[in-house]
Amino acid sequence: FFFKQKTAYEIRNCDWSSDVCSSDLDVFLAPDGSVDQQRATRSLSSSGVPGSVAGYVLAQRCYGRLPLERVMAPAITLAQRGFLINRELSDQFRQAAELLAADPETRRDYQLRRTPEGTLQPPQPGTRLRQPELASTLRRIAAQGDHGFYEGPVARSLVSLMTQRKGLIRADDLRAYRAQLVRPLMIRFRDHPVLSLPPPSGGLSLDRKSTRLNSSHSSVSRMPSSA
């Protein structure tokens with residue numbers, strides 16, 4: 001989420017269709033009744049509808065001064081032409097290699113290879129990382145707005161992947177997704193206003209933490225309607 005002129009743009013996974021919302025409540029439970037951590041945190045079953053595209057496109061539509069195509073052009077060029085991986089990024093790939101390699105497409109995209117000894121080898125510093133498929137997706141969004149992501153070829157590819165790997169997102173979920181404008185909470189901390197999102201997001205948790213740090217100076221209130 002982010003804020004602009006006292007308006008909160010919240011990217012929520014709250015527009016799923018009834019098919020998803022009514023899915024088996026035991027989907028993340030193991031046969032013995034315990035939580036299946038792998039399925040609950042590392043599978044497509046735990047993935048919600050991606051909201052970043054809708055959120056950013058909405059913010060650009062409301063407050064942007066340049067056309068969407070021009071705003072996205074540098075990102076498209078970077079994805080298409082690629083960039084040279086530095087030491088820090090190479091080290092991050094090494095640390096996350098096992099997780100990244102679990103997905104065939106991710107393993108290919110990030111150029112992870114196994115050595116004859118079976119060790120995962122990340123791309124070395126100086127390697128050029130190109131992402132042509134990302135560039136293609138960004139072009140569709142630049143030309144069609146969020147419809148270029150939530151409908152058409154990109155959406156069909158996402159739904160196909162979900163079907164293959166037992167994910168819950170379907171075409172209707174993508175078509176129905178909308179970014180929301182919500183009135184933020186204003187948390188007073190040591191006489192400084194801090195804007196955060198209202199329930200069911202993390203604004204109240206942030207307030208509780210600030211209260212513990214300085215209970216005499218913290219309070220929560222809704223932004224006034226005149227804002």
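From a predicted model like this one, the values you see are computed outputs, not experimental measurements.
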**OP:** Go through the structure and list residues passing salt bridge (Lys or Arg N to Asp or Glu O under 4.0 Å) with Arg65, not counting sequence neighbours.
**Re:** none
Subject >> Pairs where residues 118-167 contributes a residue and the test ring-ring contact (aromatic ring centres under 6.0 Å, His included) is met, not counting sequence neighbours >> reply: Tyr150-Tyr177
Original post:
Any luck finding a side-chain donor-acceptor pair between Gln80 and Arg139 under 3.5 Å?
Top reply: yes
Contacts under 3.5 angstrom, residues 84-91 side chains, donor-acceptor by atom type, not counting sequence neighbours:
{"unit_1": "Asn86", "atom_1": "OD1", "unit_2": "Glu88", "atom_2": "N", "d": "3.3"}
{"unit_1": "Asn86", "atom_1": "OD1", "unit_2": "Leu89", "atom_2": "N", "d": "2.8"}
{"unit_1": "Ser90", "atom_1": "OG", "unit_2": "Pro123", "atom_2": "O", "d": "2.8"}
{"unit_1": "Asp91", "atom_1": "OD1", "unit_2": "Arg94", "atom_2": "NH1", "d": "2.8"}

**OP:** Mind running side chain to side chain contact (heavy atoms under 4.5 Å, CB included) on Leu174 and Val49 for me, showing each step along the way?
**Re:** CA-CA 7 Å; Leu174 295 173; Val49 175; 3.9 Å; yes
Original post:
Under the side-chain hydrogen bond (donor to acceptor under 3.5 Å, both in side chains) test, which residues partner Thr163, sequence neighbours left out?
Top reply: none
**OP:** Please name all residues satisfying side-chain hydrogen bond (donor to acceptor under 3.5 Å, both in side chains) with Thr119, sequence neighbours left out, ordered by chain then number.
**Re:** none
Original post:
For Glu69, which residues count as a side-chain hydrogen bond (donor to acceptor under 3.5 Å, both in side chains) partner, sequence neighbours excluded?
Top reply: none
Original post:
Which residues satisfy the side-chain contact (heavy atoms from CB on, under 4.5 Å) test with Ser43, sequence neighbours excluded?
Top reply: Arg39, Ser45, Ser46
Original post:
Does the distance from a Lys or Arg side-chain N to an Asp or Glu carboxylate O, for Glu133 and Arg108, drop under 4.0 Å?
Top reply: yes
Original post:
Restricting to pairs with a member in residues 72-115, which pass ring-ring contact (aromatic ring centres under 6.0 Å, His included), not counting sequence neighbours?
Top reply: Phe93-Tyr110
Original post:
Should side-chain heavy atoms under 4.5 Å link Ile, Leu, Val, Met, Phe, Trp and Tyr, which residues sit in the same cluster as Val71?
Top reply: Leu66
Subject >> Polar side-chain atom of Gln111 near backbone of Arg128 as donor-acceptor pair, under 3.5 Å >> reply: yes
Original post:
With Arg175, which residues qualify under salt bridge (Lys or Arg N to Asp or Glu O under 4.0 Å), at least two apart?
Top reply: Asp172
Subject >> Which residues share a side-chain hydrogen bond (donor to acceptor under 3.5 Å, both in side chains) with Glu98, sequence neighbours left out >> reply: none
**OP:** Check salt bridge (Lys or Arg N to Asp or Glu O under 4.0 Å) between Asp103 and all other residues, then give those that pass, not counting sequence neighbours.
**Re:** Arg165
